[in-house]
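When a ligand or atom number is given, it counts from 1 through the structure's own listing order.
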Amino acid sequence: MLKINENYQKLPGSYLFAETGRRIRAYEAAHPDQEVIRLGIGDVTRPLVPAVTKAMAEAVAEMGTPEGFRGYGPDFGYSFLVEAIREAEYTRRGLQVESGEIFISDGAKCDVGNIQELFSADAVIAVTDPVYPVYVDSNAMAGRAGDWTGEKWSRLVYLPCNAENGFVPPLPDRDVDVIYLCYPNNPTGTVLTRAQLKPFVDWARERGALIVYDAAYRAYVTTPDIPLSIYEIEGAREVAIEVNSFSKTAGFTGTRCAWMVVPETVCGLGADGSRVSLNALWKRRMATKFNGVSYPVQRAAAAVYSAEGQAQLKEVIAGYMDNARIIREGLQAAGFDVYGGVDAPYIWLKVPGGTTSWAFFDRLLETCQVAGTPGSGFGPSGEGYFRLTAFNTREKTIEAVERIGRAWG
Ligand code: PLP
């Protein structure tokens, strides 16, 4: 009989959202007259903007004509989308990224998981803590995380981020091969300045490490001079791969389109000790295992960069960020220590009274009928913190914050 990949058996259950969902449903069943407001939503809620749906509909119609029909697309994405991304996200900002370094995919989640195929089985991985769980679990599936101890993975290097260090991760205290960074950060909603990011790039260059930089929330940055791309940091083209997505930028969570930048200058070590370009390996991998994102979806993604698309999306993002402001200011007024929410749709708060994240989850649900996400679900350093998100409606967000203000203010 087939022997399965035993690393899957080491994974703890995907407990976090299953458990928050279970507790919310139990509360609702016991209190059918009360409305629970969900500020734990990690998905966008507003519809695709008209510029995007128009482009998608036109592309679908094109596909139904003999002249417009298209079969398999180019392995790395249609040039109309690659060039639109290159121009708007990089060239216009003075950043060097070549067309052959941009790869269109069906999601940032897939990209951060798939890129590991290029890493050796024993590569040492560092993650910020708390963290977007995909980096951890996907490396655990590949056997790089070691064993689950009930709180941590034995082979992962954790870089704790907390109020004490201003949510700026320390550099790894030992050699690692890969560092995952995500800015604007999920779950803390915090960002790094160029000066805070630079030491990571310098460290990676000195030690020969790779940085996987997840910029899925770049569209939410409002503070001037906060880097939107790792390539704003000198030397990053030698050591960093950048993961991006249309999911949170343009509401594509259900439509699926993303891109990854793998510079030709980023190298790993071959078996014979030679330097091998990750870009060449990634091209080989994509050509072998991927048949591209559908033509209508790539057309829809390209419409994000049209003048109408940009104007319409600006309004959508501003709406989410206004919710973030409402939560941040409301909680501060109620006496909470609040982080994030300025350059990201996530608000990270310190649980009052020194209780656990889960105890606060229960208390918030019971006293305010507001649901969020316990910080401990994102890693050991998340204990004592709590995540709220800006993705609910403005009305529900205001109502939730008023309830919290009445209970705590
Ligand atoms: N990266 C981060 C940090 C995320 O929070 C998410 C989704 O929540 C993703 C990537 C997933 O992006 P995509 O929808 O493109 O797979």
Exercise for review: Validate the cation-pi geometry between Lys350 and Phe386: distance from NZ or CZ to the six-membered ring centre under 6.0 Å, angle to the ring axis within 45°.
Suggested key: no
Any protein N or O within less than 3.5 Å of an N or O in ligand 1? List each pair with its distance, or say none.
from     : atom 1 : to     : atom 2 : distance (Å)
ligand 1 : 1 (N)  : Asp214 : OD2    : 2.6
ligand 1 : 5 (O)  : Asn186 : ND2    : 2.8
ligand 1 : 5 (O)  : Tyr217 : OH     : 2.6
ligand 1 : 8 (O)  : Tyr217 : OH     : 3.3
ligand 1 : 8 (O)  : Lys248 : NZ     : 2.8
ligand 1 : 14 (O) : Ser247 : OG     : 2.6
ligand 1 : 14 (O) : Arg256 : NH1    : 2.9
ligand 1 : 14 (O) : Arg256 : NH2    : 3.4
ligand 1 : 15 (O) : Ala108 : N      : 2.8
ligand 1 : 15 (O) : Ser245 : OG     : 2.6
ligand 1 : 15 (O) : Ser247 : OG     : 3.3
ligand 1 : 16 (O) : Ala108 : N      : 3.2
ligand 1 : 16 (O) : Lys109 : N      : 2.9
ligand 1 : 16 (O) : Arg256 : NH2    : 2.8

Check your understanding: Can the positive tip of Arg285 be found less than 6.0 Å from the middle of the six-membered ring of Phe290, inside 45° of the ring normal?
Key -> no
Review point. Does the side chain of Tyr217 come within less than 4.5 Å of Asn185's, by heavy atoms?
Key: no
Review point. So do the side chains of Met141 and Gln116 get within less than 4.5 Å of each other, counting heavy atoms only?
Key: no
Practice item. With sequence neighbours excluded, give me every salt bridge (charged side-chain N to carboxylate O under 4.0 Å, His left out) pair touching residues 361-380. Key: Arg23-Asp362
**Study point:** Pairing of Arg93 and Glu232 as salt bridge, 4.0 angstrom limit
**Key:** no
